[in-house]
Amino acid sequence: MSPCVGTIVVVDGSPESDVAMKAACGTIGVRYDHAGHRISYVDGYNRGWRSLEEPYIALMANDILPHPPALERLLDWVKRPDVGCTFPYMCSFRLYADETQAPGFLKRGRVTCEPASMTLNLNLFKRDVLEKIGGLDRNYLHGFNEPILLIKIRTLGYRAVMVGGTRVFHYEKLTKVLGQSTLITPEYETDTERWFEEYPHHASRKGIACLDLRRSPFATTATAKCLWWLGYAVPNAKFRMKVLAVILWLEPFFTRYPARHGGKA
């Protein structure tokens, strides 16, 4: 276990408590928490972080294998006064999984940047930032919590940073195998309708995952914003999605942090 890690709590959202899991957690000094009934992954995340007292809180899915140096780098960066959230590059069984955070080619995985999007797999927050934004939005149970977190964090004036030199492994779809599905469902459609009603300025049927990445605070530099505008202007939907995927892949180079603020990435 990394020396930078304090209290660990595993929140089990299953209908019934798992005796074997509770015992296994106890043998390694991990706190096991069960609400006494089934809860959503959103309530699980919120229940977990609110039970902790540490000044920095990591939210992590059960299909992520973190590497200690990555955790230390994420912690070093989130301690900066202007940073509210950090997240890593991720490796996965699927070649193009999580394009925003895939290490990619050449030096892409070494770039510390402020991309337009992030996934909710391993994210490290200042505790007071989580408190100010209220954690995850319970109104969205099957999608859109990632962009909502980005909007809230950056609107507060904090930066959400993907940290170069970090790699964690994502056992993609393990969560789905264990019962959590993010396939299109009536609940997801309800979340989508709510997203367009509550965040019309940030929503778009033309974009990836119904997001308008041209908009602030998604796009964090003038160059990135211009690239996203050009991508969304492509009339053919199929070709447009391919263009947007390329921009997503290249974006770290155009949103470097802190190089664009006078520092070194």
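Keep in mind that the numbers below use all heavy atoms, side chains included, and drop hydrogens, waters and symmetry copies. Remember, it's a predicted structure, so these values are computed and weren't measured experimentally.
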F254 backbone acceptor or donor facing T223 side chain under 3.5 Å: no
Under 3.5 Å: donor-acceptor pair, side chain of R240, backbone of G231: no
Stacked cation flag R214 on Y232, 6.0 angstrom / 45 deg: yes
S117 vs L248 side-chain heavy atoms within contact, under 4.5 Å: yes
Residue pair L71 / P66: nearest heavy atoms and the distance that separates them: CD2-CB, 3.9 Å
Donor-acceptor under 3.5 Å (Y89 side chain, V111 main chain): yes
Shortest non-hydrogen separation from P115 to T255 and the atoms involved: N-OG1, 4.0 Å
Short side-chain to backbone donor-acceptor contact, S204 and L211, under 3.5 Å: no
Aromatic contact, Y257 with W77 (centres under 6.0 Å): yes
Full working for side-chain contact (heavy atoms from CB on, under 4.5 Å) between V10 and M21: CA-CA 9 Å; V10 170; M21 180 181 289; 4.2 Å; yes
Carboxylate-amine/guanidinium contact D212 R215, below 4.0 Å: yes
Lys/Arg cation over aromatic W49: R127, 6.0 Å, 45° cone: no
Close side-chain approach of T119 to M90, heavy-atom, < 4.5 Å: yes
C85 and M118, any side-chain heavy atoms less than 4.5 Å apart: yes
Trace of the side-chain contact (heavy atoms from CB on, under 4.5 Å) decision for V78 with F125: CA-CA 7 Å; V78 83; F125 301 84; 5.7 Å; no
Non-hydrogen atoms of M241 and K206 that approach each other most closely: SD-O, 3.8 Å
Distance-only polar pair, side chains of D82 and Y158, donor-acceptor under 3.5 Å: no
Residue pair F218, K225: steps toward the side-chain contact (heavy atoms from CB on, under 4.5 Å) verdict: CA-CA 9 Å; F218 292 149; K225 186 173 293 188; over 6 Å; no
For R31, side chain to side chain contact (heavy atoms under 4.5 Å, CB included) partners two or more places apart: T7, V9, S51, L52
pair I64-M60: side-chain heavy atoms closer than 4.5 Å: yes
pair L150-E114: side-chain heavy atoms closer than 4.5 Å: no
Heavy-atom pair of closest approach, residues P88 and Q101: O-NE2, 2.7 Å
Contact check, side chains of I148 and I133, non-hydrogen atoms, under 4.5 Å: no
cation_pi(R50, Y45) dist<6.0 Å, angle<=45: no
Side chain proximity check, F87 to L122, heavy atoms < 4.5 angstrom: no
Nearest heavy-atom neighbours spanning S40 and L141: OG-CD2, 3.7 Å
Between Y140 and E146: side-chain donor-acceptor atoms closer than 3.5 Å: no
Residue pair D18 / Y32, side-chain heavy-atom distance below 4.5 Å: yes
Derivation of the side-chain contact (heavy atoms from CB on, under 4.5 Å) call for I151 and Y199: CA-CA 10 Å; I151 291 170; Y199 295 89; 3.8 Å; yes
Shortest non-hydrogen contact between T100 and R108, atoms and distance: O-NH2, 3.4 Å
W195 and F144 aromatic ring geometry - parallel, tilted or perpendicular at 30°/60° bounds: parallel
Residues, nucleotides or ligands: over 12 heavy atoms within 6.0 Å of R167 CZ: no
N123 side chain to N121 backbone, donor-acceptor under 3.5 Å: yes
